Structures are given as structure tokens and as C-alpha cells.
Amino acid sequence: MLDQLKPQSPDALLALIKMYASDDRTDKIDLGVGVYRTGQGGTPVFGAIKGAEEQLLREQDSKSYLGPEGDMGFVHALMPYIFGDNPTRGGRIEGMQTPGGTGAVRLAVSLAQKAGAKCIHMGVPSWPNHAQILADLGLELEPFNHTAPDGAADMGALRAAIDAAAASDGDVVLLHGCCHNPTGVDYSNEQWDEIAGLFAEKDVMPIIDLAYHGLGQGLDEDVYGLRAVLSAVPEALIAYSCDKNFGLYRDRVGALYVMAKDASGVEPILSNANSLARSNWSMPPDHGAAAVRLALRDSGLMADWQAELEGMRTRLRQVRMRLADAGTAGSVDLTPLARQNGMFATLPVSKEQVVQMREKHGVYMAGSGRINVAGLTMSNIDKFIEALTDITG
Ligand code: LMR
């Protein structure tokens, strides 16, 4: 029976990790998978998380089951940062812990599907796993252009997508909350205001994926759009990841938040989410979420976390400005990077040029032309620009 299974190609992004590791060149550059790196090239555990882990080690007296909703102290501790001063919107917002942002996205779209959604409208390019999750669930994907030819977000395409979703009863639209992956092209605050109005006017439910909170312009600035949308619409689903903004990648820490039409609508939605979680992973892993809870409850560790996040933002901005200052490298215009946010940018290079970058220069980037800006440091950035200048085709 099992010999009926056809081999699947490995996930292209994750395959880059192995390819990079097996390259012997000492001056190789890893711009592949989305992991933050310091100016020295490392991905250390956050000081705030180390402090919280020490506390956890001292104080945790049991590892018995918590339940499919995971650590609700963690879920609630994050809420003021995400939703602001009125984090539950009068009892209409509640959440549950998930295994990473991937678990949250999976749960969000599964819930929408269980509620009758057949098709998800999503700007492309997007994080490749979005499409994979939808395909795995048998949900249709209706793509629209995320970026217009001028390099800004394509508002016309998004307006049309919201219209199309409204016309097909039960379609939903999935948006990235900030630091768009893979383009770095975010909506402006004015555009978010318009988007919020469109969702409300057309009665379309949004799913917002927030995987890079705090890595764009700031903790409050990065959720301007999310809060504007939530203030306008009756219901929404929010997938949240702590992989990058707490550096907890392999600990798999995320959360799904649901906003219901009224407070009494929350429990039925979450009971469905709980039962989906139970059949998928039963319960999320505890350790990383417990560390986040402790870090956010301790004013010293919380201040450390915010300072560390600010350091990451500043470094990402410096690398972006340094690239933009280079103007063009070969045929690649690097100036748009100054206007974009977060860890990623997609460069206009072909698949063949990506192979040349890797084989000739030891520069590892996604086949789509996406680079992880955090993989560049002041000591390898010139080599990267020279490599771009050298590629042909
Ligand atoms: C990425 O896009 O590189 C990250 O979100 C890691 C992943 O899981 O793909």
C-alpha cells in the first residue's frame, strides 16, 4: 500500500537550509529561510527569553496536559500588543495557542472551511506554505497580484478580490498584517483604512496573518492595519507567530485569535477550533509559549524584549538603506528596498540567475528571487552586490 505513494519534492525553502550547510565555501551567504541574524551572522536566543526560561526552570512544577487551547496566560499576555487598549473588543476577541504561525494559519483556514468557505483570495506571491496548506485542505485559491508594476501594493487588484469574494457567498480574503512575505511591500495606513472600509461594506471576512509583528516599523505601527480592519468588520480570524519576534523558531509558538460578531459568538467558534486542534495536534508544545508569558509578565524582561526587537528593526533598516544606496546592481534596482518592511525583499531575478548566484557566488536565495535581508551584514553586503552585478541572462 505505501508503495503507492509518489515521492514529493522537498519544500524548496527548507531544502535551501541543507544545501547551504553542505557548501564548503567559507564566504557563502545564506539569504534563504526567514531567520533573523545579527550583524555577526548569529541567531542567538533572546535575552528576555533566556531570563524567562531560567524562571520557568525554577518555578514550573508540572508538565501535565493543558488542553487543546494551550497556555491561555500566553494567549492573553500577547493581546494588548496585538489588539491595543481594548484587547477583547468587549469580549468579542479570544484566542488559543497553536504550534507556530503555521498551526495558526492552518487552524484559521480550516475554521473558515468548516464554516462554509470554499475559496480563499490571496495576494501573490505569498509565503509558499499558504498555498500548500490550502491545497492540502482542498480549499480553492484565487490569486490576485499583491504588487503593482510601480512596486507599491496593488490596491486595484485587492479591491477586485474583495468584490469577487463578496459576490461568491462565503469566500474569504487572506492578507499579511505587516512585513509582507516575500516582497516586503506593505499597505500604507491610508490604504489599510480603505481596506477596512471595503471589508465592512462588502461583508467579507478577513483572515490576517501576522508573522512579523514588531519587525517592520514598531509594535503599534505594525498592527495599524489589523486594528483598523478589526474596528470595521464584524468578524475576523488572526494567525499570529512568535517565531521571529521572540526568536522561538523551533519551539513552535503561535496563536489563533477569533473575533466574533458578539461576545456570545466566541465560544462556538473556539469550540470548533479546539476540536480541529485536537484532531490535528491535540495540544501545542508548551515551553516556548510559557517563556513568552513569563517574559511579558515581568516588566524587566518585557523591556528587554522590546529593546531587542528595536535592535532587530534598526539592523534590518540599516541593511535595507545600504542596499538602496547602492542604486542598481547589474540589472537589479535595489532602491525599492528602502520603502519596504521586514525581513524580505523579492528581487527581479530569474530562476537561472538564482542558480548562478548560488553556484558561482555561494549566495543562497529562494528560487522566487526572495532574499532574507537579515542574512546580509556589513561584511558580506559588498560581495552580495558584486555577485548581483556579475550575474548574466
Ligand atoms: C520563511 O518564509 O522563510 C519562514 O516563514 C520560514 C518558513 O516556515 O517558511
Side-chain angles (χ1 to χ4, degrees), residues 8-21 29-38 41-43 46 98-109 122-137 141 146-147 174-186 207-216 222 238-256 280-281 284-285 288 309 312-313 316 319-320 337 340-347 349 354 357-358 363-376:
Q8 303 288 308
S9 35
D11 181 276
L13 261 179
L14 302 185
L16 273 178
I17 300 175
K18 286 198 180 133
M19 275 167 94
Y20 177 80
I29 303 179
D30 182 4
L31 308 181
V33 75
V35 169
Y36 177 78
R37 296 215 172 73
T38 63
T43 309
F46 278 42
T98 57
T102 304
V105 170
R106 172 113 194 171
L107 206 46
V109 291
M122 183 178 80
V124 292
S126 190
W127 179 48
N129 210 19
H130 278 147
Q132 195 160 310
I133 291 170
L134 300 183
D136 200 44
L137 289 169
L141 163 61
H146 175 64
T147 316
L174 188 155
L175 295 179
H176 297 223
C178 68
C179 305
H180 185 265
N181 177 4
T183 66
V185 175
D186 284 342
I207 297 179
I208 298 191
D209 185 3
L210 196 59
Y212 296 86
H213 183 200
L215 272 80
D222 289 353
I238 302 101
Y240 193 86
S241 172
C242 296
D243 286 11
K244 329 283 157 142
N245 62 358
F246 286 90
L248 283 163
Y249 310 91
R250 71 175 74 154
D251 277 350
R252 313 307 303 136
V253 187
L256 169 79
N280 273 297
W281 50 76
L309 254 188
M312 292 164 79
R313 268 198 306 278
L316 290 173
V319 173
R320 285 184 170 281
L337 272 93
Q340 301 165 359
N341 288 321
M343 276 169 70
F344 303 117
T346 298
L347 305 182
V349 290
V354 169
M357 289 290 278
R358 185 168 68 237
V363 177
Y364 285 74
M365 50 199 280
S368 61
R370 186 190 86 168
I371 59 165
N372 171 11
V373 172
L376 292 169

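Counting starts at 1 for both ligands and their atoms, in listed order. Just so it is clear, the structure is predicted and the values come from calculations on it, not from any experiment.
- Checking each of N181, V105, V109 against D209 for a side-chain contact (heavy atoms from CB on, under 4.5 Å) leaves exactly one that passes, namely V105.
- With sequence neighbours excluded, the residues that form a ring-ring contact (aromatic ring centres under 6.0 Å, His included) with H176 are H130, H180.
- The pair D243-R252 meets the salt-bridge criterion, with a side-chain N (NZ, NE, NH1 or NH2) lying under 4.0 Å from an Asp/Glu carboxylate O.
- Looking at N245, its side chain never comes within 3.5 Å of a backbone N or O of L215 through a donor-acceptor pair.
- Near ligand 1, L13, V33, G34, W127, N181, Y212, K244, R370 each place a heavy atom less than 4.0 angstrom from the ligand.
- In this structure a side-chain-to-backbone donor-acceptor pair under 3.5 Å is present from T43 to Y36.
- A donor-acceptor contact shorter than 3.5 Å is absent between the side chain of R37 and the backbone of G375.
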